[in-house]
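Below you'll find the structure, written out as structure tokens, and then a few comments.
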Amino acid sequence: MNAKETNFAYKVRHALNENLEHLPASTTTRLAAARQAAIARKKAELPRRALAPRPLVAGSGDGFFSRPLSWLGRMGGVALPIVLAFAGLVSMYQAEKQQHIRELAEIDAMVLSDELPLSAYTDHGFNGYLAKRGE
């Protein structure tokens, strides 16, 4: 609840408490019964777990390497996403490299097969393009 809602709740409670003496007896008994029913239906609160690890006691057998390969499960939650991200980056690099090779091969094929117009060879922009693509 924010501050505005909390202030409103206090004002409502205060107004109800002021007029409590003026309520008929039948109303107060019904309110008391409703309150008891609400308390009975209320869910039991679960104990909150601490986020901090339990302290290690010497000889308790609860250490990091106490159970065989238990550390593998703990590290798997961290290592798996890192390995997957690395594999994704490597595959993206390889795909870009293959695309670059295909583009260069297409230009080479056009140059070797004389499919390019003669003006392409005299165009300084095309020479710059070839120099840039050959890097």
Side-chain angles (χ1 to χ4, degrees):
M1 290 174 64
N2 60 24
K4 189 175 183 180
E5 291 173 343
T6 304
N7 287 338
F8 177 73
Y10 284 131
K11 287 179 184 177
V12 169
R13 185 181 77 179
H14 181 68
L16 290 173
N17 286 338
E18 277 184 1
N19 296 321
L20 185 62
E21 292 85 28
H22 305 294
L23 289 176
S26 62
T27 304
T28 56
T29 55
R30 284 187 303 164
L31 286 173
R35 182 175 185 273
Q36 291 298 328
I39 289 173
R41 283 192 307 259
K42 182 182 176 229
K43 294 180 181 176
E45 289 186 24
L46 298 174
R48 296 180 185 215
R49 295 184 64 177
L51 296 177
R54 293 180 295 173
L56 296 177
V57 178
S60 68
D62 199 22
F64 190 73
F65 292 108
S66 64
R67 286 171 274 157
L69 299 180
S70 66
W71 60 272
L72 187 62
R74 293 178 186 169
M75 291 301 186
V78 175
L80 183 64
I82 291 173
V83 169
L84 289 177
F86 181 74
L89 289 173
V90 167
S91 65
M92 286 173 26
Y93 173 75
Q94 291 295 328
E96 289 293 323
K97 192 174 179 182
Q98 289 298 322
Q99 177 67 24
H100 182 69
I101 290 171
R102 279 192 295 270
E103 289 173 357
L104 288 178
E106 183 180 333
I107 291 172
D108 288 344
M110 291 173 72
V111 168
L112 292 174
S113 65
D114 288 334
E115 291 180 15
L116 289 175
L118 292 177
S119 61
Y121 294 109
T122 60
D123 184 14
H124 293 292
F126 184 70
N127 289 333
Y129 175 76
L130 286 177
K132 179 183 172 190
R133 302 300 280 174
E135 290 178 356

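Quantities reported herein were computed from a predicted structural model and do not represent experimental measurements.
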Apply side-chain contact (heavy atoms from CB on, under 4.5 Å) to Tyr10 and list each qualifying residue two or more places apart in sequence or on a separate chain. Thr6, Arg13
Remaining members of Ile82's ILVMFWY cluster at a side-chain heavy-atom cut-off under 4.5 Å? Val78
Partner set under side-chain contact (heavy atoms from CB on, under 4.5 Å) for Pro24, not counting sequence neighbours: Ser26, Thr27
Using links of under 4.5 Å between side-chain heavy atoms of ILVMFWY residues, direct or through other members, which residues join Leu84 in one cluster? Leu80
Taking side chain as C-beta onward, heavy atoms only, is Lys4 less than 4.5 Å from Asn7? no
Shared-cluster residues of Ile101, by chain and number - hydrophobic side chains joined below 4.5 Å: none
